[in-house]
Asks: 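Encoded as C-alpha cells, here's the structure I'll be asking about.
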Amino acid sequence: MAYTITLIPGDGIGPEVTEATVRVLEATGINFHWDLAFAGDRAQDKYGTPLPDYLFDSIRKNKVTLKGPITTPIASGFRSVNVALRKELDLYVCLRPCKTYPGAPSIYKDVDIVVVRENTEDLYMGIEYRGETPAAARLLRLIAEESGDRVKADSSFSIKAISRSASRRVVKFAFEYARQNGRRKVTAVHKANILKFTDGLFLTTAVEVARDYPDIEFETTIVDSLCMQLVRFPQRHDVLVLPNLYGDIVSELCAGLIGGLGLAPGANIGDDIAIFEPTHGSAPKYAGQNKVNPMAMMLSGVLMLRHIGEKGAADRVESAVAQAIAEGNAVTYDMKPDRNDPTAVGTSQVADAVIKKMKE
Ligand code: NAD
C-alpha cells in the first residue's frame with residue numbers, strides 16, 4: 001500500500017531538511033507517493049500568492065502533510081502564512097513533544113514533555129487596531145462607557161479571545177493523547193488570576209474536561225510559575241496544555257531544554273487533517289548551505305508515521321536518530337559544544353548516517 005502525502009518543502013532551509021527527511025522516511029521501506037505542493041516564497045513567485053488554492057485542495061484531499069518551514073513574506077497581506085494555514089484548515093492543536101536524547105547538547109537529562117498548544121485563537125486571531133485610528137478611538141469610547149476605565153488615548157489594541165468550545169477540544173485532545181500514549185499527567189497552564197474571563201474560561205473548561213479522565217492525573221499551574229519550574233525541574237512535567245500565546249513561548253522554552261530548535265518536532269492537527277513540521281523557522285541565513293540540523297524535521301516525520309499507524313517504522317527512525325545523536329560523529333554544528341567545530345557534518349550527511357543506522 002502507498003500513502004499519498006502532501007509534501008511542502010517550504011522556504012530557506014526547508015528544501016534541504018525536507019529532502020533529508022524524505023530520504024530517511026523512504027528508507028523505512030514504506031511506499032510513499034509525495035504530492036508536491038508549494039507555499040510561501042516559491043508560491044508567491046509562481047502564483048502571486050503564498051497560499052494558492054491548489055495547496056489547500058491537496059492538503060484536504062490527502063489529509064496528511066509533511067511541511068518544511070515557510071518564510072512569512074513581509075509585503076503580503078498575511079501576518080503569517082503558517083498561522084493562515086492553521087486557521088483556514090482549523091488545525092486546532094499544535095503538538096510539540098520535547099524529549100532529551102542522550103548525547104544532545106542539553107544540561108538536562110530525562111526530559112520528556114509534550115506541549116499541546118491551542119492553535120486557533122487567543123492573541124493570534126489577528127484582531128488588532130493601530131493606535132490613533134478611528135477604530136481605536138471607537139474602542140476607547142466603548143471601554144470608557146462599559147467599564148469607566150481610562151486607557152491611554154495613544155494605545156494600540158490586540159484582542160485576546162478565548163472560547164469554551166476551542167478550549168474544550170484542545171484540552172480533550174491533551175487527555176486523549178495522554179491516554180493513548182501512556183502518559184500519567186496533564187497540566188493546564190493559565191494566567192487566570194489576572195485574566196479572569198479569558199484564561200479563567202480556559203481553566204474552568206480544563207477542570208470540567210479533566211473529570212472525564214479520572215485515570216490521568218490533572219493539575220493546573222500559572223504560566224509564570226510553570227516557566228520557573230520547567231527550568232528547575234523539567235523532569236516533573238508530562239503533558240502541558242496551554243492557550244495559544246503561552247503555548248508558543250513555552251514550546252520554544254522546552255525546545256531549549258532538550259538541546260535547541262534543531263531537535264524539536266511538531267504537528268498541527270485538526271479533526272481529520274494533520275500537518276507535520278518542525279518547530280523551527282526557515283532560517284534564511286543558512287539556506288542552501290547544507291549546514292542545518294534535519295533531525296527536528298525527521299522527528300516530525302516520526303510523528304507522521306505514528307499518525308498513519310506505522311508505529312514500527314516510527315520506532316526504527318527514532319531509534320536511528322537517537323543513535324546518531326548518542327554517537328555524535330555525524331551531527332550538525334548546533335549539536336557540538338563549539339559551533340565552529342570542524343567535525344560537524346552537513347544536513348545530507350546526517351540523513352546518510354541515520355539511514356545507515358536503520359540498516360544496521
Ligand atoms: P528560525 O527558527 O528560522 O531561526 C532562528 C535560528 O535558530 C537560526 O538562525 C538558527 O541559528 C537556529 N535554527 C533554526 N532551525 C535550525 C536547524 N534546523 N538547525 C540548526 N539551527 C537552527 O527563526 P526566525 O529567524 O525567527 O524565522 C525565520 C523565518 O521563518 C521567518 O520568516 C518566520 O516567520 C519563519 N517561521 C516559520 C515557521 C514555520 O514555518 N512553521 C516557524 C517559525 C518561523
Side-chain angles (χ1 to χ4, degrees), residues 7-21 24 37-44 50-51 55 59 65-76 78-87 89 91 93-96 104-106 115 117 119 124 126 244-245 247-249 251-256 258-269 274-301 303 321 324-325 330-341 344-351 354:
L7 183 69
I8 307 173
D11 301 317
I13 57 169
E16 298 158 61
V17 293
T18 301
E19 196 263 344
T21 300
V24 165
F38 294 112
D41 282 351
R42 278 174 82 175
Q44 179 77 43
L51 287 173
L55 172 83
I59 295 172
T65 294
L66 183 65
K67 170 184 169 297
I70 294 175
T71 301
T72 293
I74 310 276
S76 97
F78 294 87
R79 269 192 177 75
S80 156
V81 170
N82 298 297
V83 173
L85 206 53
R86 291 166 201 167
K87 217 167 151 180
L89 297 165
L91 304 176
V93 172
C94 181
L95 181 72
R96 288 177 169 172
S106 167
V115 178
R117 162 186 170 193
N119 226 3
Y124 285 68
N244 207 338
L245 178 64
D248 192 6
I249 298 166
S251 54
E252 290 240 358
L253 193 164
C254 290
I258 60 157
L261 284 171
L263 289 171
N268 296 291
I269 302 172
I275 297 183
F276 297 85
E277 62 173 344
T279 296
H280 64 73
S282 58
K285 69 178 176 194
Y286 293 122
Q289 295 179 27
N290 187 38
K291 182 172 169 86
V292 297
N293 194 348
M295 286 175 169
M297 181 94 179
M298 290 175 184
L299 293 169
S300 305
L303 296 179
V321 170
I325 296 171
V331 293
T332 45
Y333 75 99
D334 55 308
M335 304 283 282
K336 300 280 187 186
D338 171 5
R339 295 205 150 210
N340 297 316
D341 187 329
V345 304
T347 311
S348 70
Q349 286 69 40
V350 174
V354 170

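Computed from a prediction, not measured in an experiment: that's the story for all the values here. One-based numbering, in listed order, for ligands and for the atoms of each. Note that these values count all heavy atoms, side chains included, but never hydrogens, waters or copies made by symmetry.
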Asks: If I compare all heavy atoms of Ala255 with all of Leu261, which pair ends up nearest, and what's the gap?
Replies: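 Heavy atoms of Ala255 and Leu261 come nearest at CB-CD2, 4.2 Å.
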Asks: The criterion is side-chain hydrogen bond (donor to acceptor under 3.5 Å, both in side chains); which residues satisfy it with Asp11, sequence neighbours excluded?
Replies: none
Asks: Could you give the distance from CD1 (Ile269) to CG (Leu95), rounded to the nearest 0.5 Å?
Replies: 5.0 Å
Asks: With sequence neighbours excluded, what pairs up with Glu277 under the side-chain hydrogen bond (donor to acceptor under 3.5 Å, both in side chains) test?
Replies: Lys67, Arg86, Asn268
Asks: For Glu252, give me all partners under side-chain hydrogen bond (donor to acceptor under 3.5 Å, both in side chains), at least two apart in sequence or on another chain.
Replies: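 For Glu252 there are no side-chain hydrogen bond (donor to acceptor under 3.5 Å, both in side chains) partners, ignoring immediate neighbours.
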Asks: Is the cationic atom of Arg117 (NZ for Lys, CZ for Arg) positioned less than 6.0 Å from the six-membered ring centroid of Tyr124 and within 45 degrees of its normal?
Replies: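 Cation-pi check for Arg117 and Tyr124: passes.
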Asks: Could you go through ligand 1 and note, for every N or O atom, any protein N or O atom closer than 3.5 angstrom, writing the atom names and distance to 0.1 Å, or 'none'?
Replies:
unit_1, atom_1, unit_2, atom_2, d
ligand 1, 2 (O), Gly281, N, 2.7
ligand 1, 3 (O), Gly281, N, 3.4
ligand 1, 3 (O), Gly281, O, 3.4
ligand 1, 3 (O), Ser282, N, 3.1
ligand 1, 3 (O), Ala283, N, 2.7
ligand 1, 18 (N), His280, NE2, 3.3
ligand 1, 18 (N), Asn293, O, 2.9
ligand 1, 19 (N), Asn293, N, 3.0
ligand 1, 21 (N), Tyr333, OH, 3.1
ligand 1, 30 (O), Ser282, N, 3.0
ligand 1, 30 (O), Ser282, OG, 3.2
ligand 1, 32 (O), Thr72, N, 3.0
ligand 1, 34 (O), Thr72, OG1, 3.1
ligand 1, 40 (O), Lys67, NZ, 3.2
ligand 1, 40 (O), Ile70, N, 2.8
ligand 1, 40 (O), Asn82, OD1, 3.0
ligand 1, 40 (O), Asn82, ND2, 3.0
ligand 1, 41 (N), Glu277, OE1, 3.2

